[in-house]
Structure formats: C-alpha cells, structure tokens
Protein chains: 2
Amino acid sequence: MTTVRIEALGQHTDTVVTVQGWVSTSRSSGKLAFVVLRDGTGLLQLVISKRDVPEEVWGRIAGLTQETSLAATGTVRAEARAPGGYEMHVTDLVVIGASTEFPIQPKEHSTQFLFEHRHLWLRSRRQVAIAKVRNEVIKAIRDFFYERGFTLVDTPILTGSIGEQAGELFATDYFDLGKAYLAQTGQLYVEAAAAALGKVYCFGPTFRAEKSKTRRHLTEFWMVEPEVAFNDSAANMRLQEDFVSYIVGRTIEARKEELKELERDTTPLERVQAPFHRISYTDAVARLNTLGSDMEWGKDLGGDDETLLAQQYDRPVFVFNYPKGVKAFYMKENPDDPRTVLNNDCLAPEGYGEIIGGSQREDDYDRLLARIHEQGLDPKAYDWYLDLRRYGTFVHSGFGLGVERTVAWICGLPHIRETIAFPRQIHRLYP
Amino acid sequence: MTTVRIEALGQHTDTVVTVQGWVSTSRSSGKLAFVVLRDGTGLLQLVISKRDVPEEVWGRIAGLTQETSLAATGTVRAEARAPGGYEMHVTDLVVIGASTEFPIQPKEHSTQFLFEHRHLWLRSRRQVAIAKVRNEVIKAIRDFFYERGFTLVDTPILTGSIGEQAGELFATDYFDLGKAYLAQTGQLYVEAAAAALGKVYCFGPTFRAEKSKTRRHLTEFWMVEPEVAFNDSAANMRLQEDFVSYIVGRTIEARKEELKELERDTTPLERVQAPFHRISYTDAVARLNTLGSDMEWGKDLGGDDETLLAQQYDRPVFVFNYPKGVKAFYMKENPDDPRTVLNNDCLAPEGYGEIIGGSQREDDYDRLLARIHEQGLDPKAYDWYLDLRRYGTFVHSGFGLGVERTVAWICGLPHIRETIAFPRQIHRLYP
C-alpha cells in the first residue's frame, strides 16, 4: 500500500492509499463517522461508514480523541466541501498512539498555560499558520540577498568585544580566556566582511539580557544585518525600503491561506512599497509636539512616540539623523550637523513601531577612537575594529531587521512571543 | 558620474564610470601604471597613463599600497587578458583611505598570526572563495528544504533541558531561573515541531564546550537538523543522500570559479550521487578488522576508523545501527537486535569522515523514560519531550549535518577553522 502525505493527495485521487496523522476533530452519528486528520502538510476528512469496515475497526472510532495518531487506508476523492479539498472513504484504520485528555482543548486557556505547553500548542491551526508565515519571511530574506549578490557571513555568538550596551549581556566562562558574551549584534563583524566581500549579511540569533517585559521584547531573537561597502546613509535607506517591500509583497502573495487563517486584513500590507516616507528626527520632534507629545529634542523616541508618528503615514516611515547622544558609538557623525549622526530607524505602520535600525558607520579613525573613549569602552577590545579604519577605510552602512517584530506585523499579532516556536522571556526558559 | 560595482561593469563598457575599491596589486613603469582593484564583487585592472592624467593624480600612484581604498574614474573596456575581464583607462583617481604596511602580505604567515588578523585576512582571494562556497552551501540547504515543503523552525539557543552530554555545555545565569545552557542541538525541539508541521528543520549555531583541539572541532558551529514525521530510519537515509547530493551538485555547478581558486579537484565530488553505500555497524567492525584495525564491537568508531572505512568507497557511506551503549538516549531501539539502535552516521570520502549523524527516535514512552533514567538524566527536564510520546506518538526521524565539515570537504580544506569567518576554538575568542 502506498503511504502518502496529505499535501500529495491530488496525485492519488480515486486510488487506495494510506495516510498517517493526528486527529483534529471527530464526530460520529452511530453509522457514519467523520474524522479530520492533520499530518502537518494538510488536512484530510476521513469518512468511515460502519457497514464498510470490519467491526474491530468501527470499534476504534470512539477512541479517536484529539491528537490520537493513526494510519487510515481508503479511496481518496476530491470533495470541495471538505477541509483540505479531499476526503478518504476508509476501509481500514489503525491507532498508532493514543491521546488521552490532550492539554490544549478547543476552549480558552491562559497565556501562561499555553506557553507552558508550547510544545503541544504548536499543533494548533493558528500556530501552524504563524510558523509558515515566519518560514516564508525568512526564505524571502535569504532570497533577496542571494539574488542581489550578497554573501552570507555567519558572525560569532561567543564574543570577547561588545557591540552595544555592555550592561545587558549574557556571559559564560570560556576556558582559560575569561568570559565570553553572547552577541547582541553581528554588525562589527559584518563591517570587516564588507571590506572583503562588498555586500554581506549575517542572520542569526541575538541576545539581550534586558529586564524588558514589553510585547516587543524577547531575550533571544533573530536579526538579519546586511552591510554594504560604499553605501552611504541615503543608499542604505533605499536598500531598506526595497528589502521590506520584497519581504511583505512575497509573503502576502505566497501565504494567503495562512494570513486568512489569522484573519489578517492584508490591505495595509499591500501599500508597503518603495518609496517609504522620510522625516528627519528634528522634524519628527516638531511634528510630535504638534500632535500633543511632550517629546524633547535630544531624547530617543519612545514606543508611544513611534506609534503616534507612524500613525500619520500609510506605509513605513524612516526617521533619520538622531542626536548623537542617544545612539551607538559607531554611527557616523553628520557633517551637516555634528549634533546628529547619519542613522535611521524604520517604523512599521499599524502601531508596530521600529522594525529596523540602521546607520552609516564612522569611517574616520580619530573620530571613532574618540567616541570609544567618550562612551567609556575599552579601545583594546576594539583594536581589530579600528583596523578597518587603518587599512583602506571606506564609506559603508548597514542595518538590522528584527525577524519577530516583522512577523508579528505581517501576521497582525499583538505580541511577538507567538512568532517564534519556543520564545525566551525573562521568566520563561521552558520548554 | 555613475558609480558602479565591478560586477556590473559589463553593462558599462566604452562609457565613463567611477568604481571604488581596494588595491590588490599595483606596478608602475614610470609612464604607465597597472593597479588591480577589488571591491568584493570582482576584480578590475586600472590602467593609468602619465600623459592622460593631471600631474597630481599621477603623483598618487606611488602611494597605492596594498589595501589602499580609492575611487577611480575612466572608460571601461573589455579586455580578456585582464583579471576580471575588464580594464579601465583612468582619467581621475582619488585615494579614500591610505593603507600603510597592511599586516597580511603576499608571503607566508603563521596560522596564529593569520587568525589574530582574521578580520583582515578575510580579504584574501582564498578566503573570499571559501566564503562564497559557504554561502552557496547554505543557500542550497535552505532551498532544498523550502522546495520540499519543510518549515524552518528556529529552536532556542538558551535552554533549560539538555540534549546530549551534560558535561560539555556553556552555561549562563538566566535572571531568576538559575542557569541556562547553550544548545548543542535543536533536535528535541524539532521533534515537537514535526508533530505540528510534518516536515521541519532548524538551522543555527550550536555550542560544545569540549576541550577537543582536532581539525574537525570548533566550540561554535552551524548545524542543520531536519526532522520528519512518519519517516523511519530507512527513509531518513534516503533523505540524507538526496540532501547531500543536492548540496554538492549545486555547489560544484554554481561555484566553479571559487573551487578553481581553491585548486579543488572536483572529480570526487561529481561522484556524490544517490544511492550512497550502506554498511551496518556490525559489518563495518568486521571490515575494519580485515583492514588491520583493532576496533571492537561495542565501541564508537574513532576518527581513524572512519577514515579507513570511508576510503573503501568512492562516495559517501552510511554506517547504520550502532550499539546502544555509545549512542544518545533518544535513539530508537532496533526491534531486530535490541543491543543496537536505528541510527546512522554518514561518512564523507577523501578522509573527511562524519558529516551527518541521524536516527529514528524512540517513540515508545516507557522505553524512552527507562533510557532517561539509565543515563542519569533528570526526567523532570524532559517532561515536555515525553509529552510527544503521551499524546499521539509517531514514528519519526531526523539528522544533523555540520556545515563547517561539509564546506571543508567541498573546498578540500585540511581544517574546518577556515570555513567560518570568525572561528571559535578553545584558545581563540578574538577577533
């Protein structure tokens, strides 16, 4: 007997095959039973008629509780009204694994309970849809860069030198070399690689030991960070709008069914096309003040300010050239206004806020060293990074896009914790 | 003036453009200078004639030391004899960043010195070629799974429960939850995801705090781990041979130039096609004994035994069904010989040894729990993993392929440390 996955049933209509999977729902009228089976590749309605199967097979129907695994054999028929578009007229059915009182029932559970049972909760239709959207977003990211001649450079997680805030790092003992820190960013490393390969990106997990408990923070999250030699800040923003438009456009095209399952209205996503709006930080502060915010020049934009500002636009907006004081040491000083740096954030619409932070990098050796001193960082740890300015320094820029925030936005989820299979938060390390 | 990257020069022949990049080599006859420029996307020969440029431009020629960054403007001509196939007749040339005494010279350096300057060494032609092969291998991996309907599931790095040897883990403090351990594998997590999505894979960095100093070990390396519901051990090996053949075939096709730069004879790689050879562990021991090894049944295969065995074959070989005692607790007991488990390693030819370890997983709740106890592991930490056998247990299998070992094999490198941009070894955490 041919065993097939549900996704391939279209090639086996009107023939007898075996499928294996888990019971999603089942109901029986006493003579006829309907079981919706899922195998991760699709849904199939099993139709079991008491008179068509041996008595022992019919006797198994009552035990087909939620998530029971089974193998069913029968004839496949196209049936537009059935979930998945096919049904099987079953002649044999064997239980592989029982499932008594599956913890996730079709009812309301507390968030705490669901995340405690995340390994089982992943089987729900909604979580499957989110996982498939995430898969598409990530493949789109990889394809975008591959097609444009970027080279992936996997940067280290275990690092000695430190990219951003020294305070919020996870540390581990590293043999005889003291402490290693889990990377918050691969940026410094892709800068080195950009001088070798021109257009590069890293894409891996990053870590923040921050005590943030907002709907936009995880302690472990995935970030993609392209870096391009000879791109200035303006070219960097053009790359960002092409990139984000590509990801969103491809995902809403390829994952229509999943977005429908998530009840996502894709109209706002269809508007995500280059060019994005652009506003300087200074203008943004003025604009926010007219909108009632008490935001002052010199401070970083908070989440509420970002939301308020992004609401003014029908597609993502770049806010560029922030005050030097609130930004990292490696951002290039703005020659037209040295109080600011050549950076940008990209704010997603619909209240999703910052999905990208990017900048042109400081390529002047003396200015960079001065900034390292100013911020109280150890120049010795950055010696190799300074080498990039010693030997053929170059204009370059890049950015980081947070995958979980992007997936949350595209899926229309209120919290990023559902966008990754096993989220890590300050109070959650299990399962 | 249009500024273009070297890769795009073919669209600008016989026109005047500007390119930016770094000096690879330069030589001057007193009236004519030739500079080979690289920008990460290709090589371009600049031809500067003293009589065609202003005196001040000619005066810059002497300062064009290795890795000086510059912008050159001139007319692009196709020139088959030039590196990269084009040359530029320069009318203007501006130095962007000087480079005095670049540390990596075209001469022999010690391994220690090269890795200490890894951030600069990456610019060499050989390292660029390796990086591009790695990029291709990883894209091939992603495409293989995407095209076959697998869903990527990013598994956590920070974990409470532990997949393999409890001894060789990096640990970090995790807020109020005690210690978190850096994942050695995502396998347990993809098993949970396979019940949700059918065909899944994870692909991320993994960590081993082993004191191994061999040419096949790093403390941080990338591993791809597919897991498939309803695949048994035989189906698992078929997936592996299709997968490895796809990666190798595509890379030797798409990265001919880079493999040539690495002086890799690709003849042995062209033979890497399914089906691979298969030999049981028991038969392998007997075979090794006839070849002079003192290998005894019950022990794991060492590196030398792997090499000796793999040398007997013209393509990769699967060694399957190892003794239970040398393998992890989660591997399924072989019903035909309970001293063994339903697992396999895949050994690459040409002395490269193990690139894959895979197995069918124990799907029987009681047997799995007994194995957890036998190995002295804490059943409480594995409670969620046991749930997969409580609720609709299922035949499933998967494997892990090490990216660095695969890239070393395809590139023909003696040591895996050059296959990743910033390798982490027990004595190396910098740069």
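The structure presented is a predicted model; accordingly, all values stated were derived computationally and were not measured. All chains are named by letter (A, B, ...) in the order of the sequence lines, taking the proteins before the strands, and each is independently numbered beginning at 1.
A salt bridge is defined here as a Lys NZ or Arg NE, NH1 or NH2 lying under 4.0 Å from an Asp or Glu carboxylate O, and A:Arg142 with B:Asp143 fails to meet this definition. Ionic pairing of B:Asp363 and B:Arg389 is not present here: no N-O contact between side-chain nitrogen and carboxylate oxygen is shorter than 4.0 angstrom. Using a 4.0 Å cut-off between charged side-chain N and carboxylate O, B:Glu404 and B:Arg134 make a salt bridge.
Most heavy-atom pairs under 4.5 Å with chain A: of the set B:Leu177, B:Ile6, B:Val395, B:Ile157, this distinction falls to B:Ile157. Between chain A and the residues B:Pro103, B:Ala421, B:Pro156, B:Gly97, the largest count of heavy-atom pairs under 4.5 Å involves B:Pro156. Per-residue counts of heavy-atom pairs under 4.5 Å with chain A were compared for B:Asp39, B:Leu70, B:Val128; the largest is that of B:Val128. When each of A:Gly198, A:Gly42, A:Ala195, A:Ala71 is checked for heavy-atom pairs under 4.5 Å with chain B, A:Ala195 comes out on top. Comparing A:Pro423, A:Gly21, A:Gly149 by heavy-atom pairs within less than 4.5 Å of chain B, the highest count is held by A:Gly21. Interface check for chain B: of the options A:Ile420, A:Thr155, A:Thr100, A:Asp176, the most heavy-atom pairs under 4.5 Å are formed by A:Thr100. The choice from A:Arg38, A:Arg390, A:Lys132 that makes the most heavy-atom pairs within less than 4.5 Å of chain B is A:Arg38. Note: A:Leu158 leads A:Thr41, A:Thr68, A:Leu158 in heavy-atom pairs under 4.5 Å with chain B. Between chain B and the residues A:Lys211, A:Glu67, A:Lys139, the most heavy-atom pairs under 4.5 angstrom are made by A:Lys139. Interface summary for chain A: among B:Tyr174, B:Phe394, B:Tyr365, the most heavy-atom pairs under 4.5 angstrom belong to B:Tyr174.
The distance between the ring centers of B:Trp384 and B:Tyr189 falls below 6.0 angstrom. Between B:Phe115 and B:Tyr430, the distance separating the two ring centers is not shorter than 6.0 angstrom.
Looking at A:Asn135, its side chain does come within 3.5 Å of a backbone N or O of B:Leu152 through a donor-acceptor pair. Formation of a donor-acceptor pair under 3.5 Å by the B:Thr206 side chain with backbone atoms of B:Phe221 is found in this model.
With B:Phe144 as the aromatic partner, B:Arg148 meets the cation-pi criteria of under 6.0 angstrom to the ring centre and within 45 degrees of the ring axis.
Proximity to chain B (any heavy atom under 4.5 Å) is restricted, for A:Leu182, to the side chain, taken from C-beta onward. Of the atoms belonging to A:Phe207, it is side-chain heavy atoms, and not backbone ones, that fall under 4.5 Å from chain B. Using a 4.5 Å cut-off between heavy atoms, A:Val190 does not touch chain B at all. Neither the backbone nor the side chain of A:Arg118 comes within less than 4.5 Å of any heavy atom of chain B. In this structure, the portion of A:Pro205 lying under 4.5 Å from any heavy atom of chain B is its side chain and not its backbone. In this structure, chain B has a heavy atom under 4.5 Å from the side chain of A:Trp222, while its backbone stays farther away. The part of A:Gln425 that comes within reach of chain B is its backbone (N, CA, C, O), which places non-hydrogen atoms under 4.5 angstrom from that chain. Heavy atoms closer than 4.5 Å to chain A are found in both the backbone and the side chain of B:Asp154. Proximity to chain A is limited to the backbone of B:Ala98, based on heavy atoms less than 4.5 angstrom apart. Interface remark: A:Leu120 contributes side-chain atoms only to the contact with chain B (heavy atom separation under 4.5 Å). Heavy atoms of A:Tyr391 lying under 4.5 Å from chain B belong to its backbone as well as its side chain. When heavy atoms are compared at a cutoff of 4.5 Å, A:Ile138 approaches chain B solely by way of its side chain, counted from C-beta outward. Only the backbone of A:Glu101 comes within contact range of chain B, with at least one heavy atom under 4.5 Å from a heavy atom of that chain. The part of A:Val153 that comes within reach of chain B is its side chain, from C-beta onward, which places non-hydrogen atoms under 4.5 angstrom from that chain.
Under 3.5 Å, the side chains of B:Glu191 and B:Tyr385 contain a donor-acceptor pair of N or O atoms. In this model, a donor atom of one side chain and an acceptor atom of the other lie less than 3.5 Å apart for A:Glu136 and B:Tyr146.
Taking every heavy atom of both residues into account, A:Thr172 and B:Ala171 meet most closely at OG1-O, 2.8 Å. Here the closest heavy-atom approach between residue B:Gly392 and residue A:Ser69 is recorded as C-OG, 3.2 Å.
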For A:Phe145 and A:Phe203: C-alpha separation, side-chain torsions, deciding distance, then whether ring pair (Phe, Tyr, Trp, His ring centres under 6.0 Å) applies.
CA-CA 11 Å; A:Phe145 289 123; A:Phe203 191 1; 8.5 Å; no
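Here B:Gln20 pairs with nothing under the side chain to side chain donor-acceptor pair (under 3.5 Å) rule; sequence neighbours left out.
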